Structure formats: C-alpha cells, structure tokens
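Have a look at the structure below, then the notes.
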There are 4 protein chains.
Amino acid sequence: MDDRFAFSIQTGSPEPIYRQLVEHVRRRVAGGQIKAGDELPSVRELAQLLAVHPMTISKAYSLLQAEGLLERRRGLAMRVAAQHQHAQPAASRIELLRPALARAAAEARQLQLAKATVMKLFSDILDEDEHP
Amino acid sequence: MDDRFAFSIQTGSPEPIYRQLVEHVRRRVAGGQIKAGDELPSVRELAQLLAVHPMTISKAYSLLQAEGLLERRRGLAMRVAAQHQHAQPAASRIELLRPALARAAAEARQLQLAKATVMKLFSDILDEDEHP
Amino acid sequence: MDDRFAFSIQTGSPEPIYRQLVEHVRRRVAGGQIKAGDELPSVRELAQLLAVHPMTISKAYSLLQAEGLLERRRGLAMRVAAQHQHAQPAASRIELLRPALARAAAEARQLQLAKATVMKLFSDILDEDEHP
Amino acid sequence: MDDRFAFSIQTGSPEPIYRQLVEHVRRRVAGGQIKAGDELPSVRELAQLLAVHPMTISKAYSLLQAEGLLERRRGLAMRVAAQHQHAQPAASRIELLRPALARAAAEARQLQLAKATVMKLFSDILDEDEHP
DNA sequence: GTGGTCTAGACCACT
DNA sequence: GTGGTCTAGACCACC
C-alpha cells in the first residue's frame with residue numbers, strides 16, 4: 001500500500017486530531033520515513049480516509065507549512081520541503097521521545113511498579129509493534 | 001511531610017488540571033499509597049497549595065466520588081471509600097500503565113529508533129525518578 | 001414545536017438544576033422519546049431557554065456523557081450515543097419509577113392516610129397530566 | 001418498641017438529614033401518631049441511635065420549635081406543644097401528600113408508562129408498607 | 001471548618 | 001457555530 005497513507009488517528013482521544021496529525025508527520029519526517037520532496041495525500045483524500053472534516057487536515061498541513069516542514073504548491077499536493085535537512089540523527093531523535101517516556105515513568109512510580117516489571121512490558125510492546 | 005499533599009500538576013499541559021488530579025489520585029489509590037479511609041486534603045487547602053481555583057479541585061473530587069473512589073461525608077473532608085478494595089495487585093496495575101507505554105512505543109517506531117536505544121533511555125529515566 | 005426543547009426545570013427546588021436535567025434526559029431516553037442519534041439542544045441554546053448559566057447545562061451534559069448516554073463530537077452538538085440500546089422495555093422502566101412511588105407511600109403511611117384516598121388522588125393527578 | 005424512636009433517615013440521600021427529620025415529625029404529628037404532650041427522644045439519644053451529629057438533631061428540633069410544633073423545657077425532653085391542634089383531618093392531610101404524588105406522576109409520564117401499570121405498582125407498594 | 005451550586009465572563013480548541 | 005476549561009466570587013447547607 002501507498003506509504004503516504006499510513007496515518008492513524010484516534011477520534012476518541014483528548015488530543016486534538018490536527019495535533020495528532022502534526023506530530024505524526026513530524027516524527028515520520030525526523031525518522032526518515034518521509035523524505036524531502038515526498039508528496040503527502042491531498043486534504044480531501046486524507047479527510048475521507050480518516051473520516052474527519054477537511055478543514056481539520058488543512059489545519060494540520062498549514063501548521064506544518066508554517067514551521068517550514070511542508071511546502072504548498074498551488075494546485076499540487078503538499079510536499080516535504082527540501083530546503084532543510086529534516087531527518088535527524090538518532091541522538092537528536094531520541095530526545096523527541098523523552099517526554100513520552102518520562103510520562104510513562106511518572107505513572108509507573110505512582111502505580112508503585114517495580115522497574116523490572118515495567119521494562120518487561122515495554123519490551124514486549126516494542127516487539128509487538130515490530131511485527132503487527 | 002504530610003503524604004496527602006504530594007500532588008503535582010502541570011499548568012502548561014494540554015491535559016486539564018482537574019483530569020490530571022483525577023488520574024493522579026486513581027493511580028495512587030491503585031498503588032496503595034492512598035488507602036481506604038484516608039482523608040484527602042480539603043478543596044480549599046489543595047486549591048491554595050496548587051494555586052488553582054477551588055472549583056477546579058472540586059470538579060476532580062466530584063468525578064472521583066461519582067466513580068465510587070471517594071465518599072463524601074457532609075461537612076467533612078472527602079475520604080477514600082471503604083466499600084471496595086482499591087489497591088490492586090501488580091498484575092492489574094501494570095495494565096493501567098499499558099496505554100502510556102504503547103504510546104511511547106508508537107512514537108519510537110515513527111522515529112525509527114532502535115529498540116536498544118529506546119530501552120536504554122527509558123531505563124535511565126526510571127532510575128532518575130527513584131532518586132530525584 | 002421542536003421536541004428536543006421540551007425541557008422543564010424548577011429553579012426553586014432543592015434539587016440542583018443540573019441534576020434535574022440529568023434525570024430528565026435519562027428518563028426521556030429510557031422512555032424512547034429521545035432516541036439514539038438524536039441531537040440535543042446546544043448548551044447556549046438551552047441555557048438561554050431555561051435562563052440559567054451555560055455552565056450549568058454543560059455540567060449536566062458532561063455527566064451524561066461520562067455515563068455513556070451522550071456522545072460528544074468535537075465542534076458539533078451532543079448526540080445520544082448509538083452504542084447501546086437505551087430505550088428500555090416497560091418492565092425495566094417501571095423499576096425506575098419505584099423510588100418515587102416508595103417515597104410517596106412512606107409519606108402516606110406517616111400521614112395515616114387510607115389507601116383508597118391516596119389511590120384516588122394519584123389517579124386524578126395522573127389524569128390531569130394527560131390533558132394539561 | 002418505643003414508638004417515639006420509629007425514626008428513619010437515609011444518610012446517602014441528597015435531602016439533608018435535619019430536613020428528613022423535620023418532615024418526618026410534621027407528618028407523624030399531622031397523622032396523629034404523635035400527639036400533643038408526647039415527649040420526643042432527647043437530642044443525644046436520637047443522635048446516637050441514628051449515628052449522626054447531635055447538632056443535626058438539635059437543628060431539626062429547633063426548627064420544629066420555631067414553628068410552634070414542639071416546645072422546649074429546660075432540662076426536660078422536647079414535647080409536642082399543646083397550644084395548637086396539630087392533628088389534621090384527612091382532607092387536609094391528603095394535600096400534604098400531593099407534591100410527592102405529583103412528582104411521581106411527572107416521572108411516570110417522562111418514562112412513557114401506562115396509567116394502569118403505574119397504579120398497579122403503587123398499589124403493591126402501599127400494600128407492602130402495611131405489613132412490613 | 002467542610003463541600004456544592006450557580007453566575008458572570010474570559011479564553012481556548014474544534015468543525 | 002460547537003463544547004471545554006478556568007477564574008473570581010457569591011451564597012447555601014451541613015457538621
């Protein structure tokens with residue numbers, strides 16, 4: 001399947017959809033899965049696929065464009081901007097993950113869970129993700 | 001120090017304050033740090049401590065009462081309900097942590113980070129938390 | 001007239017307004033007058049109609065959403081959740097009425113009123129309601 | 001058992017305890033079960049029996065005294081005042097029951113219940129009460 | 001002292 | 001337009 005369409009959103013989440021999209025794209029660009037020059041699905045296409053309002057997609061794209069990650073070309077699909085090097089080295093990328101890990105660690109402590117128990121579950125989840 | 005007051009909130013977070021409080025209390029009860037019969041700080045006390053409006057605290061307490069975790073006694077401070085065993089075994093508690101871990105794992109995959117790198121950072125963060 | 005707006009509250013009652021609304025909606029859903037998928041009046045609309053503060057309406061709606069009766073759709077009006085069959089058979093609905101009848105019966109006994117007298121008045125009141 | 005002690009309160013009810021007591025006494029006096037000159041249980045006795053704060057009992061008694069139903073005698077138990085005829089004819093007493101019946105009728109209508117169904121259940125409940 | 005309810009009104013986020 | 005969150009502050013009821 002077209003990799004451009006491997007988006008996933010959770011409508012029930014408290015995190016707004018447009019923000020889920022923004023961060024999803026940011027991470028996939030940082031990880032090199034989407035490269036400079038790649039085209040993104042059109043607003044209408046993606047809106048239909050995710051069953052959300054087109055303006056929601058548009059808002060996400062606009063934010064990404066405002067920060068220079070995407071470039072808008074009249075009449076054409078949005079494209080990942082070439083002007084900057086977006087893919088980041090692992091040493092930088094790992095820092096983008098820190099907030100999510102810190103949050104999980106805080107919850108683990110409040111739940112009084114042993115480190116080994118937590119690490120084991122996390123390891124299992126990471127393995128599942130590799131072979132979905 | 002009085003353990004009842006070990007609350008922490010982040011005002012800058014997109015997660016509303018009242019919800020942070022609700023989940024904080026839920027986890028501390030599940031972890032056994034707050035036990036059945038324990039009194040919670042009063043609405044006004046906690047509001048002053050966290051520098052938020054009393055109604056924000058009240059909203060959190062009301063939700064916890066609605067789900068049966070707290071019980072209200074007219075004119076007295078809220079108390080952890082005695083009717084159910086709230087502290088849960090580790091096997092149950094670990095499941096409460098799964099969503100946070102799953103989210104971190106999803107982000108790690110989008111960032112194309114190697115499992116070993118991710119596990120290492122998580123391990124470090126867990127260690128930091130133990131000796132703050 | 002729009003049936004969605006057949007709300008009624010008593011501001012003088014000791015029962016809080018938001019709770020009157022919650023129970024009103026619950027009963028009208030159980031009775032099938034409001035069906036799954038139906039939209040409720042907006043917070044601001046209903047607040048103006050009932051001459052109460054919008055937050056009072058919002059509080060009632062939030063509680064109904066927390067118990068799964070309503071579903072929130074970002075930016076759109078609240079809607080009766082489709083996931084469960086809410087309208088209940090008469091055998092179930094009659095049980096929802098039991099507390100009110102039991103209370104009336106207890107008061108009747110304390111007033112030392114004869115059963116026939118009480119039944120007659122209740123019958124009259126029920127008839128009045130049908131032809132208001 | 002001593003009839004003066006046939007009080008019943010519901011601590012979980014939204015109706016305040018002191019008001020439950022006030023209305024309970026009013027109805028039992030109106031019904032003639034408690035007569036002029038009868039002594040009521042002492043504040044401490046009743047507080048212990050109902051497991052509530054003595055001040056709550058005292059507040060109820062004070063309200064009843066303020067409206068002339070009870071009279072307080074220093075060092076002695078409260079007594080139903082003799083100065084007025086409290087027991088009321090059935091024609092008056094039935095009106096005291098109207099609010100509870102009207103409420104039940106309103107709920108029945110919202111639940112879309114047939115009159116016959118409602119009357120049947122009410123009849124059953126009245127019968128149960130007679131032979132508890 | 002305790003919590004609850006409500007109003008007034010600002011600001012935000014989403015469609 | 002929709003609902004959500006929060007503040008400021010008044011008033012009430014209960015213990």
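Each chain gets a letter, A, B and so on, in the order its sequence line appears, and its residues count up from 1. Computed from a predicted structure; not experimentally measured.
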How far does [atom1] of [X] sit from [atom2] of [Y], to the nearest 0.5 angstrom?
X      : Y      : atom1 : atom2 : value
L70(B) : R79(B) : CG    : CZ    : 11.0 Å
L63(B) : E23(B) : CG    : CD    : 11.0 Å
L46(A) : L21(A) : CG    : CG    : 6.0 Å

Round to a whole Å and report the spacing from [atom1] of [X] to [atom2] of [N].
X      : N       : atom1 : atom2 : value
L50(C) : dT7(E)  : CG    : P     : 10 Å
L21(A) : dT15(E) : CG    : C1'   : 14 Å
I57(C) : dT2(F)  : CD1   : P     : 13 Å
R79(B) : dT2(E)  : CZ    : P     : 16 Å
H53(B) : dC6(E)  : NE2   : C1'   : 12 Å
Q48(B) : dT7(F)  : CD    : C1'   : 16 Å

Identify each atom pair where a protein N or O and an N or O of nucleotides 3-5 of chain F are less than 3.5 Å apart, giving names and distance.
from: dG3(F); atom 1: OP1; to: V43(C); atom 2: N; distance (Å): 3.0
from: dG3(F); atom 1: OP2; to: V43(C); atom 2: N; distance (Å): 3.1
from: dG3(F); atom 1: N7; to: R44(C); atom 2: NH1; distance (Å): 2.8
from: dG3(F); atom 1: N7; to: R44(C); atom 2: NH2; distance (Å): 3.4
from: dG3(F); atom 1: O6; to: R44(C); atom 2: NH2; distance (Å): 3.2
from: dG4(F); atom 1: OP1; to: R72(C); atom 2: NH1; distance (Å): 2.2
from: dG4(F); atom 1: OP2; to: S58(C); atom 2: OG; distance (Å): 3.0
from: dT5(F); atom 1: OP1; to: Y18(B); atom 2: OH; distance (Å): 3.0
from: dT5(F); atom 1: OP2; to: Y18(B); atom 2: OH; distance (Å): 3.3
from: dT5(F); atom 1: OP2; to: K59(B); atom 2: NZ; distance (Å): 3.4

Determine which pairs satisfy ring-ring contact (aromatic ring centres under 6.0 Å, His included) with at least one residue from residues 39-75 of chain D, sequence neighbours left out, and list them in order.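 Qualifying pairs: none.
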What are the two closest heavy atoms between V80(C) and K35(C), and how far apart are they?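 That would be CB-O, 3.4 Å.
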Identify whether any heavy atom of V52(B) sits under 4.0 Å from a base atom; if not, whether one sits that close to sugar-phosphate; answer base, sugar-phosphate or nothing.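 Touches sugar-phosphate only.
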Testing H24(A), R28(A), Q33(A) one by one against Q110(B) for a side chain to side chain donor-acceptor pair (under 3.5 Å), which residue passes?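 One option only clears the test, and that one is H24(A).
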Defining pairs by Watson-Crick or G-U wobble geometry with both distances under 3.5 Å, how would you list the stems of DNA chain F with at least three pairs each?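 Stems found: E:1-14 with F:1-14.
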Heavy-atom neighbours of Q65(A) CD exceed 12 at 6.0 Å: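 Atom CD in Q65(A) is packed in, count exceeds 12.
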Member of R98(C), R27(C), R103(C), R26(C) meeting the salt bridge (charged side-chain N to carboxylate O under 4.0 Å, His left out) criterion with E107(D):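 With E107(D) as partner, salt bridge (charged side-chain N to carboxylate O under 4.0 Å, His left out) holds for just one option, R27(C).
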